[in-house]
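Here's the structure we're looking at; comments come further down.
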Amino acid sequence: MTKPVQVIAVTGGKGGVGKSNVSVNLGIALCEMGQRVVVLDADLGLANIDVLLGISATYNISDVLAGECSLADILVDGPGGIRIVPASSGTQRMTNLSHMEHAGLISAFSELGDDIDVLIVDTAAGISEAVVSFLRASQEIMLVVNDEPTSITDTYALIKLMNRDYDTHRFRVLANMVRTEQDGKTLYDKLYRVTERFLDVALQYVGTIPLDDAVKKAVRRQKAVMELYPNAKASGAFRELAKKVDQWPLPSSPRGHLEFFVERLVQD
């Protein structure tokens, strides 16, 4: 029997909240725990993970869609044992994929099913059709918020859209780049209050990644903070987050529309 794959979308409504940093460093922390992790750069038209990590990719998702290679061919080794599915950069067409192309892209992941425990999907900013497709295909949606008014309003808009139009009820919330744990909880409470009042959703607070100069230094050097500064406060917080993620339930049945690993997620 093939083990179900944990598929986690890391999203947040707006740009600049640190989604890619969270995706990469959470992936490395899970690898430290023995998990086999693939990070998908799902910002299809503006690739950023390879830039963030200073990785040069020969092929990317657009080559898979063109039928020129398989998904396994484009995987790039990243820091700490993670593997990365690079996106294309500056390709307008990739931001406007058809339903069939999205379905083809997502079903292409089935070929990786035996060789992966966790897929982390680093979505684009905003609430485009592409972002929604990836969110609907994931079992877990982790919302990255930080202490800016637009972060809360944009995250609320994303929750509202997913709840109203696609009947999504469960969201995990991570406070990123905040000064204290209490500041993170305060941010979560703001979001919780407004969603509880207007929407039928369950939010779960999964922790805080502190504002840490080590992260900025790592970004400037195009490295992951977990790799460059493993003892930094932020690195410790990513390890704590990984422990929580490791306890999340695995899928017991496919969710339906555009499920990742269509054939492999759940096999009797």
Side-chain angles (χ1 to χ4, degrees), residues 6 8-30 32-33 52 118 120 122-123 125-127 135 138 140-163 168-220 223-249:
Q6 181 80 281
I8 303 164
V10 177
T11 192
K14 75 181 289 289
V17 295
K19 293 184 299 293
S20 298
N21 241 317
V22 168
S23 297
V24 165
N25 287 290
L26 171 60
I28 294 171
L30 286 166
E32 279 187 1
M33 298 173 66
L52 184 69
V118 182
I120 297 175
D122 179 34
T123 75
I127 49 177
L135 295 185
S138 304
E140 301 286 354
I141 298 175
M142 186 190 295
L143 303 162
V144 180
V145 296
N146 57 23
D147 199 7
E148 296 175 26
T150 50
S151 174
I152 294 294
T153 55
D154 289 3
T155 302
Y156 175 75
L158 179 59
I159 295 170
K160 182 178 175 184
L161 172 75
M162 294 303 295
N163 179 238
T168 304
H169 295 279
R170 188 180 69 194
F171 301 86
R172 316 277 189 173
V173 180
L174 176 72
N176 190 33
M177 300 186 290
V178 292
R179 296 193 184 280
T180 66
E181 178 78 26
Q182 187 52 53
D183 287 349
K185 286 180 176 161
T186 301
L187 263 182
Y188 167 77
D189 288 340
K190 281 183 193 170
L191 195 55
Y192 177 81
R193 281 197 300 272
V194 70
T195 53
E196 185 188 40
R197 192 168 163 196
F198 298 110
L199 302 173
D200 175 26
V201 297
L203 298 190
Q204 183 189 8
Y205 175 66
V206 295
T208 291
I209 308 297
L211 191 65
D212 187 342
D213 276 344
V215 176
K216 290 179 189 169
K217 288 177 188 171
V219 168
R220 280 200 293 271
K223 300 282 186 186
V225 71
M226 285 283 299
E227 178 190 31
L228 199 57
Y229 302 109
N231 298 318
K233 278 186 187 173
S235 298
F238 281 119
R239 287 190 187 93
E240 289 303 310
L241 175 63
K243 285 179 196 168
K244 291 177 185 171
V245 170
D246 194 49
Q247 298 301 311
W248 292 353

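In what follows, residues are counted from 1 in the order of the sequence shown.
Ion pair Glu196/Arg193 not flagged as a salt bridge, since none of the NZ, NE, NH1 or NH2 atoms sits closer than 4.0 Å to an Asp/Glu carboxylate oxygen.
Using the six-membered ring where Trp is involved, Phe198 and Tyr156 have ring planes that are perpendicular, over 60° apart on the 30 and 60° scheme.
Taking every heavy atom of both residues into account, Ser138 and Ala9 meet most closely at OG-CB, 3.5 Å. Taking each heavy atom of Leu187 and Ile152 in turn, the nearest pair found is CD2-CD1, 3.7 Å. Residue Pro230 comes nearest to Ser235 through the heavy atom pair O-CB, 3.3 Å, listed as atom of the first residue, atom of the second, then distance. What you find for Phe238 and Ala29 is that their closest heavy atoms are O-CB, 3.6 Å. Nearest heavy atoms, Asp212 versus Lys233: OD2-N, 3.2 Å. Nearest heavy-atom pair across Met162 and Ile141 is CE-CD1, 4.5 Å.
Distance check, rounded to the nearest 0.5 Å: NZ of Lys243 to CG of Leu241 gives 11.0 Å. Note that CD1 of Ile8 is 5.5 Å distant from CE of Met142, once rounded to the nearest 0.5 Å. Of the inter-residue distances, the one linking Thr123 atom OG1 with Lys19 atom NZ reads 5.5 Å to the nearest 0.5 angstrom.
Annotation for Tyr192: atom OH does not count as buried by contact number, only 12 or fewer foreign heavy atoms lying within 6.0 Å. Summarising the local packing, NZ of Lys244 is surrounded by more than 12 heavy atoms from other residues, nucleotides or ligands at distances under 6.0 Å.
Applying the side chain to side chain contact (heavy atoms under 4.5 Å, CB included) test between Lys160 and each of Thr155, Leu199, Thr195, Ile127 identifies Leu199 as the sole match.
Listed by chain and residue number, Ser20, Asn21, Val24, Val219 satisfy the side-chain contact (heavy atoms from CB on, under 4.5 Å) test with Leu52 (two or more places apart in sequence, or in another chain).
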